Structure formats: structure tokens, C-alpha cells
Trainee: 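First, the structure itself, so that you have it in front of you.
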Amino acid sequence: MTGKLITLEGMDGAGKSTHIPTIIKILESKDIEVVSTREPGGTPLGEHLRTLLLHEGMHPETETLLMFAARREHIAQVITPALNRGAYVLSDRFTDATYAYQCGAKGVSTAKIEQLERWVQETLQPDLTLLFDVPVEVSIQRLAMARTPDKFERESADFFTRIRNAYLQRAESDPQRIKVIDANQPLIDVANAVQKIIAVL
Ligand code: TYD
């Protein structure tokens with residue numbers, strides 16, 4: 001495989017999706033083919049599963065299994081073929097989100113998620129992850145202003161705190177791959193921080 005997998009992570013409301021066009025532009029200016037995608041989703045089946053996952057109540061382990069089912073399809077249909085032809089895949093969320101939401105916030109065991117990760121991804125791991133970090137109150141405020149909340153976005157401040165802590169812990173244990181971006185600053189400064197990281201890829 002010659003391409004790279006870049007993933008974007010952060011709590012709901014951290015603003016990660018805002019930066020996708022900038023990242024695509026920087027990479028395309030270097031003549032790199034970019035495949036922009038998202039999880040859960042990224043394939044027709046994955047998008048069906050996304051609708052269920054974002055709106056239906058279910059057991060946290062069912063949720064985890066469906067996340068990985070969607071991911072299996074995503075890897076087979078989109079990610080692996082793109083990496084094999086040398087493209088960069090930019091995914092709005094990937095497995096770190098499962099560790100943060102289903103494990104960190106909802107209590108699914110790390111061991112079970114690791115097992116699914118090994119099964120579904122084999123050796124595939126992101127080459128780079130940008131973690132957009134904001135204080136919980138900021139994320140909640142932004143969500144309240146932005147849109148009708150989905151199931152995850154209606155959760156409590158305590159739920160969001162657990163997500164944030166889980167993400168930050170993962171970043172601390174893998175600083176080579178996961179770059180934390182302070183997303184609680186003016187948009188232009190966040191964009192500059194993103195550009196600096198992407199420019200050296
Ligand atoms: P999100 O990426 O925030 O998209 P949008 O900006 O359109 O709301 O929404 C996806 C939601 O799915 C988000 O709340 C996090 C959740 N999620 C998990 O709980 N586990 C996962 O493994 C993934 C990929 C997402």
C-alpha cells in the first residue's frame with residue numbers, strides 16, 4: 001500500500017468537519033488523489049447502518065458490532081482500494097471514535113473492541129489522526145446553536161466528558177499518530193494548525 005489513511009476525530013461540536021475542504025485542497029495541490037469519506041458510513045450499506053446507529057436506541061455492544069460491520073464494508077469497498085492505488089483517504093472518524101464513544105462513554109470493554117479491531121482491520125491503522133479538542137461546555141454550546149441533535153448529541157455533559165477524556169488518553173498513548181489540535185480558538189488559528197500538520201505529510 002502506498003497511500004495514507006488520515007482520520008479526523010473529536011467530540012460532536014468540536015468542528016472537525018469544517019476543515020475537510022482545506023485539507024483536501026492542500027493535498028490536491030501536491031497532486032495527491034484524495035478520497036474523502038466518513039464513518040459510520042462511506043458505502044451504501046454503511047450509510048444505511050449510519051441512519052440506524054444515529055437514531056435507534058440499542059445495546060452498546062450491538063452499536064459496537066454495527067460500527068465494525070460498517071467499517072468492514074468501508075475498508076473493503078473504499079479504503080483498501082484507494083490506498084492500493086496510492087490515494088490518500090481522509091475519513092471523518094474511524095476506530096478511535098469507537099474507543100471514545102462505545103468504550104470510554106458507554107462502557108464496552110477495551111478487550112472486545114481490540115478483538116474486533118484486529119479482526120476487521122488486520123494491520124490497517126491510520127497514518128495520521130487529527131484530534132480536534134474543545135472543552136465540553138464549548139462543544140455543548142456549539143451543538144445547541146447548530147442543528148437538531150442526533151442520538152449521540154442529546155447525551156449529557158458527563159457523557160461528553162468521558163468521550164473527551166478517552167480521546168485525550170489515546171492521544172497521550174500514541175502521540176506519533178494522534179495530533180491534538182486546540183479547536184477552542186479562532187477558526188483561522190485552527191486552520192493554520194491543521195495546515196502545519198498536513199503540509200509536512
Ligand atoms: P459525526 O461524525 O459527528 O457527524 P455529523 O457531523 O454529521 O453529526 O456523527 C457521527 C456520530 O457517530 C458521532 O456522534 C459519533 C458517533 N460514532 C460512534 O459513536 N462510534 C464510532 O465508531 C463512530 C465512527 C462514530
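Every number for a ligand or one of its atoms is a count from 1 in the order of the listing. Model, not experiment: these values are computed from the prediction.
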Trainee: Can you figure out which of Lys151, Lys106, Arg50, His74 has its heavy atom closest to atom 5 (P) of ligand 1?
Mentor: Arg50
Trainee: What part of Arg71, side chain, backbone, both or neither, has a heavy atom within less than 4.0 angstrom of ligand 1?
Mentor: side chain
Trainee: By number and element, which atoms of ligand 1 are closer than 4.0 Å to a non-hydrogen atom of Thr98?
Mentor: 21 (C), 22 (O)
Trainee: What part of Asp12, side chain, backbone, both or neither, has a heavy atom within less than 4.0 angstrom of ligand 1?
Mentor: side chain
Trainee: Any donor-acceptor pair under 3.5 Å linking the side-chain atoms of Thr98 with those of Arg71?
Mentor: yes
Trainee: If we set the cut-off at 4.0 Å for heavy atoms, which region of Pro40 has an atom near ligand 1: side chain, backbone, both, or neither?
Mentor: both
Trainee: Quick one: are Gln195 and His19 in side-chain contact, heavy atoms under 4.5 Å?
Mentor: no
Trainee: Using a 4.0 Å heavy-atom cut-off, say whether Glu63 meets ligand 1 through its side chain, its backbone, both or neither.
Mentor: neither
Trainee: What's in the same ILVMFWY side-chain cluster as Leu45, cut-off under 4.5 Å, chained through other members?
Mentor: Met11, Leu49, Leu52, Leu53, Leu54, Met58, Leu66, Met67, Tyr101, Leu131, Val134, Val136, Val138, Ile140, Leu143, Phe152, Phe159, Phe160, Ile163, Tyr167, Leu168, Ile178, Val180
Trainee: Report yes if some N/O of Glu153 lies less than 3.5 Å from some N/O of ligand 1; otherwise report no.
Mentor: yes
Trainee: Among Leu124, Val89, Leu8, whose side-chain contact (heavy atoms from CB on, under 4.5 Å) with Phe94 holds?
Mentor: Leu124
Trainee: Is the closest side-chain heavy-atom distance between Leu201 and Asp127 below 4.5 Å?
Mentor: no
Trainee: If you measure every N or O of Ser17 against every N or O of ligand 1, does any of those distances drop under 3.5 Å?
Mentor: no
